[in-house]
Asker: 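Structure provided below as structure tokens; questions to follow.
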Amino acid sequence: MAAKDQDPCTQTFQYQPIGPDHIRVLFLEPAITRFAAIRCALVSVPFAELRSVTALSYTWGTDAKTCSIFLNDVEVSVTGNLESALRQIRGRFKTRKVWADAVCIDQDNDTERSEQVKLMRQIYSTAEQVFAWLGLASKDSGAAIEFIKKLNRKSDEGSGISDDGFRKWLLGTVADGDTWSAVTNLMSRPYWTRVWIIQELSLAKTHVSIHCGPDEITLNAIRAFKQSVSNGSREINQVSDNMNIDFVFGQLYAKFLHTGYFASSARAEKNLADRGAATLWDLVNAYRGHETTDPRDHIYGLQGLIADRNSPDLIAFPPDYSVSVEALYTTFVAHNLGRVDLGSLLESCNEVKRRAGLPSWVPDFSTKPRSFPTSGWAVSPDNIFKASGHQAGEYHISDNGDTLSVKGAVVDMIRSARLVAGMVQLDPTDSVSLSLYDDEQGGAEEDRLELGPDGEGRQVPLFVTNDLFLLDESNHAMQEPYIGGSTLLSAYLCATAAIASSTHWAARTGEVSADICIDSETQENAQWTKNERRCWFSVGKRLCTCENGWICMAQPDTRPGDLICVISGVDVPFVIRRADQVDCFTLVGDAYVHGLMQGEILTRSEGYNFKHICLV
């Protein structure tokens, strides 16, 4: 503890070593006035005393420590979000015992961090209360919380969505767009995107209170609200033309309502058990895109959800903050490579922005991969891609862990790669226009590929290799044979619509149900026209032509000079790029190559040679 005769502003707080089976706890002193300085005693206590402790669940926010609190009479800088949380949790007359990771763990001591993080599961499952802090109030956060409570009361008064009175009241709220926007704003706060809260809320076995400024609501109330919204969204979408409200419902479900910790009370234990049975690989990939201050916590921050504490995943990856992010991610992939599908692994490496220093075959788990991998384009059982046929995968990792060697065949070199910049619905003809942008040529004029309601190409210009053609049956050039069979016109239309061949055209047009959508969980009632369904997966990708005539749809990072490769044991082709190292390549991303999606490479007369390809 600091000496009383020293100026606390000139001292540096010194953490004392913590004993085994102990944690540090803040003894938060009471204050009559809200704006009084925050004073705490930081004390090491036996783990058993957790039953009288409030565990704080919050987001660190920015790294800037712009506020101060007093720890053992020493002034310590903390983030504004932690300071406001402690100010809200502080009692007026009684000392409260609080656990907050940013100050109860010495964040500058990697060894201590590694040991204390192992206790997070016990901390949140044993604490007397979990205090979830969303942040300071906004102009509409109080109204959002009050509306959630009101909706639950209305539901309890009847029998939920099956009650006529409740249903009429719920439908009546549609007219008030501000109310639902307020709820969306509340549930879009950064708190809900944190990796750590997945286990903090899921593991809590006692009271969980959620706070936004002075307003409070329980986790169970949010769960009940989730159930009402899930049931009522269908009713509202059936009667409402208010697209803003439809969007609000979609955002609510997509952003937070489908996540496990908002399951109804009856299902909460089952969801936790399901996650407990999942592997660490499953969990890490399921929650990619959530936020952490330390990228290593995308692996360490989910370990508490694994029920088997003797799991090989936990033994192999004990929290260790002395290990670099790049080394951790690479080792994690190597550990799981024999247990996961090679194609799924490689497809998950197509992030918009990747961490420097990672091998191209290692996913950056700190960021979410791009939507719609090529393997997900198949829409029916007879349209499942098998680019390498039934060949088994052959691969191994180099001794130093930097290189993944796979067996594959290089098919062609990309000659042009034009970005599909957008999709425009052309009502009322049910035709769709795809904007193609030649950014490789310094911003050349945009061209369009237009698909009419009959699936035929319209007379809209599109650059094919170095010549300008019309995608129209009347254009004789587009009736030329395609290297993969049929015609150039058919190849372009099929590649754009991402179907295996012209025989599967119906599977992506009229013969699928009218309410098909990308994600049945998040967009259950989305009504897509058949051309929207054809073209949606192409937006943001590149329509490419190759030197030998192959046509493909590839990821946006693709550029001329890249190579098309089919890898043994992998269902879709990939684009690779020559690396600086001799005979090595970097992985660019997955691709749809028309005429090479069903194992045709094994029977073609060219006799493509499968050999070892080193990915770095």
Asker: Hey, is Arg370 close enough to Asp557 for a salt bridge, meaning N to O under 4.0 Å?
Answerer: yes
Asker: Do the rings of His211 and Phe131 sit parallel, tilted or perpendicular, given the 30° and 60° boundaries?
Answerer: parallel
Asker: Between Gln116 (side chain) and Ile105 (backbone), is there a donor-acceptor pair under 3.5 Å?
Answerer: no
Asker: Do Ser114 and Tyr300 pair up side chain to side chain, a donor and an acceptor below 3.5 Å, judged on atom types alone?
Answerer: no
Asker: Determine whether Leu56 and Leu82 satisfy the following criterion, side chain to side chain contact (heavy atoms under 4.5 Å, CB included), listing intermediate values before the conclusion.
Answerer: CA-CA 9 Å; Leu56 180 60; Leu82 175 57; 3.7 Å; yes
Asker: Would you say the side chains of Thr279 and Asp282 form a donor-acceptor pair under 3.5 Å?
Answerer: yes
Asker: Compare all side-chain heavy atoms of Thr330 with those of Trp361 and state whether any distance is below 4.5 angstrom.
Answerer: yes
Asker: Is Trp192 reaching over with its side chain to a backbone N or O of Leu186, donor-acceptor style, under 3.5 angstrom?
Answerer: yes
Asker: Hey, does Phe332 have a side-chain heavy atom less than 4.5 Å from the side chain of His298?
Answerer: no
Asker: Does the pair Asn81 and Thr79 meet the rule for a side-chain hydrogen bond (donor to acceptor under 3.5 Å, both in side chains), with working shown?
Answerer: CA-CA 5 Å; Asn81 201 43; Thr79 63; over 6 Å; no
Asker: Could you tell me the separation between the OG atom of Ser348 and the CZ atom of Phe365, rounded to the nearest 0.5 Å?
Answerer: 6.5 Å
Asker: Between His335 and Val333 (side chain of the first, backbone of the second, donor and acceptor by atom type, cut-off under 3.5 Å), is there such a pair?
Answerer: no
Asker: Could you tell me whether the side chain of Arg354 and the main chain of Pro359 form a donor-acceptor pair under 3.5 Å?
Answerer: yes
Asker: Quick check: do Pro295 and Arg355 have side-chain heavy atoms less than 4.5 Å from each other?
Answerer: yes
Asker: Quick one: does Trp99's side chain get under 4.5 Å of Tyr124's, heavy atoms only?
Answerer: yes
Asker: Within the 3.5 Å criterion, strictly below it, is a donor on Ser366 or Asp364 matched to an acceptor on the partner's side chain?
Answerer: yes
Asker: Nearest 0.5 Å, what's the NZ-CD1 distance between Lys149 and Ile217?
Answerer: 6.0 Å
Asker: What closest approach, in Å, do Ile23 and Ile18 show between heavy atoms, and which atom pair accounts for it?
Answerer: CA-CD1, 3.4 Å
Asker: For residues Tyr329 and Ile299, report the shortest heavy-atom separation together with the two atoms involved.
Answerer: CD1-CD1, 3.9 Å
Asker: Side-chain contact, heavy-atom cut-off 4.5 Å: Thr403 with Leu615?
Answerer: no
Asker: Which atom pairs, donor and acceptor, lie under 3.5 Å between side-chain atoms of residues 29-52 and protein residues at least two apart or in another chain?
Answerer:
{"residue": "Arg34", "atom": "NH1", "partner": "Gln88", "partner atom": "OE1", "Å": "3.4"}
{"residue": "Ser52", "atom": "OG", "partner": "Glu49", "partner atom": "O", "Å": "3.0"}
{"residue": "Ser52", "atom": "OG", "partner": "Lys97", "partner atom": "NZ", "Å": "2.6"}

Asker: Donor-acceptor pair, distance only, cut-off 3.5 Å: does the side chain of Arg113 make one with the backbone of Tyr321?
Answerer: no
Asker: For Leu280 and Asp313, which heavy atoms make the closest approach, and how far apart are they?
Answerer: N-OD2, 3.0 Å
Asker: Between Thr374 and Asp590, do the side chains contain a donor N or O and an acceptor N or O under 3.5 Å apart?
Answerer: yes
Asker: If you round to the nearest 0.5 Å, how far is OG1 of Thr54 from CD1 of Ile89?
Answerer: 5.0 Å
Asker: Side chains of Trp281 and Leu345: does their closest heavy-atom pair fall under 4.5 Å?
Answerer: yes
Asker: Is there a donor-acceptor pair under 3.5 Å between the side chain of Asn400 and the backbone N or O of Asp402?
Answerer: yes
Asker: Just do the side-chain hydrogen bond (donor to acceptor under 3.5 Å, both in side chains) check on Thr292 and Asp294 with the steps written out, would you?
Answerer: CA-CA 5 Å; Thr292 62; Asp294 190 317; over 6 Å; no
Asker: Do any N or O atoms from the side chain of Glu200 and from the backbone of Val130 form a donor-acceptor pair under 3.5 angstrom?
Answerer: no
Asker: Between Ile123 and Val53, does a side chain to side chain contact (heavy atoms under 4.5 Å, CB included) hold up when you go through it step by step?
Answerer: CA-CA 9 Å; Ile123 290 172; Val53 170; over 6 Å; no
Asker: Between Ser568 and Glu394, do the side chains contain a donor N or O and an acceptor N or O under 3.5 Å apart?
Answerer: no
Asker: Considering all heavy atoms of both residues, which atom of Val195 and which atom of Asp297 are nearest to each other, and what is their separation?
Answerer: CG1-O, 3.6 Å
Asker: Show your working on side chain to side chain contact (heavy atoms under 4.5 Å, CB included) between Tyr15 and Val103 and close with a plain yes or no.
Answerer: CA-CA 10 Å; Tyr15 281 92; Val103 289; 4.3 Å; yes
Asker: Considering non-hydrogen atoms only, spot the tightest contact between Arg189 and Ser141 and give its length.
Answerer: NH2-CB, 4.0 Å
Asker: Please report the closest heavy-atom contact between Ser57 and Arg194, naming both atoms and the distance.
Answerer: OG-NH1, 4.3 Å
Asker: For Leu587, does its backbone N or O pair with a side-chain atom of Ser360 as donor and acceptor, under 3.5 Å?
Answerer: yes
Asker: Strictly under 6.0 Å, is that where the ring centroids of Tyr287 and Trp196 end up?
Answerer: no
Asker: Nearest 0.5 Å, what's the OG-CD1 distance between Ser405 and Ile613?
Answerer: 8.5 Å
Asker: Begin with the C-alpha distance, continue with both residues' side-chain angles, and end with the deciding distance and a verdict on side chain to side chain contact (heavy atoms under 4.5 Å, CB included) for Leu26 and Leu86.
Answerer: CA-CA 10 Å; Leu26 290 171; Leu86 293 175; 4.3 Å; yes
Asker: With a 3.5 Å distance limit and no angle check, can you tell me whether Arg24 reaches the backbone of Cys104 through a side-chain donor-acceptor pair?
Answerer: yes
Asker: For the CD1 atom of Ile198 and the CG atom of Leu201, what is their distance to the nearest 0.5 Å?
Answerer: 9.5 Å
